[in-house]
Amino acid sequence: MKQVGAKLGYAVIIALALLPCIYLLYIERALFSADFNYLMRLAGRLSALFGTALFALAFLLNTRIKFLEDLFGGMDKMYRAHHIFGTVAFLSLLLHPLFLAGTYAALSVAAAASFLFPGASFVNDLGIYGLFTMELFLIFTFFARTMAKYQNWKFVHRLLGLSFILGSLHVLLVSSDVRTNAFMRYYMVLVVLVGLLSYVYRTLFWRRLVKQYSYNVSAVKPLGSAITELLMSPEKDSVSFLPGQFIFISIESEIANREQHPFTISSAPADRTLRLSIKNLGDYTSGIGSVASGTKVKIEGPYGRFCPSYYSGKAQLWIAGGIGITPFLSMVRSIEKYPTNSRIDLYYCTRDTGEAVFLPELMAISEKNKNLNVISFCSMKKGRINAGFIEASSKDLKEKEIFICGPATMMADLKAQFIKMGVSRASIHLEEFEL
Amino acid sequence: MKLTKTIFGVAVFVSWALLTAIFVVGFQSINSGQGNTTSADGSTISQIGGGTVVLTAAEVAKHNSASSCWMIINNKVYDVTTYVNMHPGGASTVLEACGKDGTALYDTKGSRNRPHSSYADSLLKLFYVGDLNQAIGNSSSANNSISSANVSLPPTQVPPVPPAQQPAVNDVVLSAAEVAAHNSASDCWTIVNGNVYDITSYINMHPGGAATILEICGTDGTALFVNQPHSQTASNILDSFYVGILNQNVSQSALTTATQTIANTTVPTSGRRGREYEDD
């Protein structure tokens, strides 16, 4: 298995959404005119086709289908694409009525206002309500993330499916090219079906259909002041994963609300006990400390392509910021059993030495493996880590595969600095999980 | 993700600012009666001359130029003069059908062999004159649009009618009897809440169907209008067809131009309209 960059996935989705637009331009080629009304109307039609297709495909990216994960180079990047495409779809759909109102505005502003206001025709109202609810749910998605309970937030986010259904009905019923042109009709029906099936599958059948592993909590240990370690043993089958991958867990206890949350695995694949090292960041993560031993846990996965083992022959540079050490813990713990032949430099960046709770264990493993170098870096003493410092101590960055996991700004800064030094984008791997 | 959030926030804000502006300006102009309904080419329609015009194919054939373009589509006659230059498919494709039966061209878009959109259908309704071979009352010259309050045009194109030039002798009293004289699809007045409206041009645009609106032509439609659940938009639209208050004197010649011009310039009525009057 070879890791593919997210580029291919983006290209495929954008091409699928652009196809009906290009086809429309093709069948309209004889009619092009510089007339204001014509151009506004054309722009309105294009934005509707592009936005609808993209909206539908955003649902597909939320299905956690493994084959799509390969296309995007990891579930984290697929979710990122889901966010981006969803937002772009909304922006495109938002332009649609405004462009069309432009054609009415040539008659009068009053005509444009009547057109934009619901009540003129049922089919148009479907579109207006679809877009309006989409806007409401997205405002909630973007701005209520920290205020609302996760469960409620997720519920509202899922309501976007209803906006999609309203919008799709509008697209298919309104008299337009989608109704008059056979290819356009079949294509848009197909795209809408993909979106609808993805949504129905994800909301109604997901829990029953997806493969889940049953585990029991064997221990919950606080580690330092801010980290909790959750150890779990399998009831029967155990998850088989590569170091660097993550799983979704749902803890069957009142404390954890049975919510599904993603965590990177910090144990080695060969360990019988599955270990998660969780930083206490919110209600849920703080609540994990009080989960009792023996509690049942459902595990789904593994996902992610943040795996150095795809490049086992090459020298590696691993950079961890704070709790971003977890994927590297899994990697180092497997090196303990299966020593590596390629040189690995692990930079463990924390604010101070107190926060570097995994340092003693990492150092101990490093001492037994001469190919593994662990470098501790404290930002309180030396400031933020930068590519210059890493270049000075590790050398030959262009020859290495670089894996970075940490705060978003740290990853973005380092990536930019490495690229400036001439490191190719394809050699820089980021763990970008933000659900 | 921060960037996406920012872009989203800005887009939502800008779109609502724009929407609010369109709604405020648009609905204000509906309320004040501006920017809606005036005769197709801004010309005066003389109803005084009496006489009727029968919308025969021969009559339609007289209007075969860009300056007066009528056409027959599905046995209905439309005056599309003002739309010729706004046609997305170009003026030439409309001009082909001026003075003729354009049904085939309209249904197929010529060689492209696909029908016009429902948006086009709704625009076409704005230019409806009457059915083929129908006699249209109170119309005279061939060069004018028969349907009076017919096409929405930007307010700037509404020809102002200076009240001083209107001779007072031609005053018409908006009595129930006068309203009753306008009781057909081609000339439909009605009374709602003591106001007189000329809703001729709206008959075919009525979401509830033309039939329900025809019932109130020439009569008091208050009960029917009020008893049906009508939206605020409906009230706004109705306002735009305002002619005057029941039993009010209205100058005949002003009446025969766009109804809206009357509402704005010659008839000082309620305070709201009165202000508009002063503005003019």
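Each chain gets a letter, A, B and so on, in the order the sequences are listed, and its residues count up from 1. Not measured: the values here are computed from a predicted model. These values consider heavy atoms only, across backbone and side chains, with no hydrogens, waters or symmetry-generated copies.
Residues A/F143 and B/G9 approach most closely at CZ-CA, 4.3 Å, considering heavy atoms. Minimum heavy-atom separation, A/L98 to B/S15: CD1-CB, 4.5 Å. The nearest pair of heavy atoms linking B/G26 to A/A113 is CA-CB, 3.8 Å.
When A/L94, A/L95, A/V88 are compared by the number of non-hydrogen pairs under 4.5 Å with chain B, A/L94 comes out ahead.
To the nearest 0.5 Å, atom NZ of residue B/K5 and atom CG of residue A/L138 are 12.5 Å apart.
Applying the 6.0 Å contact sphere to CZ of A/R158 captures more than 12 heavy atoms from other residues, nucleotides or ligands. Within a 6.0 Å radius of CZ in A/R29, other residues, nucleotides and ligands contribute more than 12 heavy atoms. The number of heavy atoms from other shown groups lying within 6.0 Å of CZ (A/F122) does not exceed 12. Residue A/F32 qualifies as enclosed at atom CZ: its count of foreign heavy atoms under 6.0 Å is above 12.
Heavy atoms of A/F90 lying under 4.5 Å from chain B belong exclusively to its side chain. Neither the backbone nor the side chain of A/L100 has a heavy atom closer than 4.5 Å to any heavy atom of chain B. With a 4.5 Å cut-off on non-hydrogen atoms, A/L91 touches chain B through its side chain but not through its backbone.
Classified by interplanar angle (parallel below 30°, tilted 30° to 60°, perpendicular above 60°), the ring pair B/F23/A/F117 is perpendicular.
Looking at B/I7 and A/T87, their side chains never come closer than 4.5 Å, going by heavy atoms from C-beta outward. Inter-residue side-chain proximity for B/T4 and A/H83 is flagged as unmet; no heavy-atom pair is nearer than 4.5 Å.
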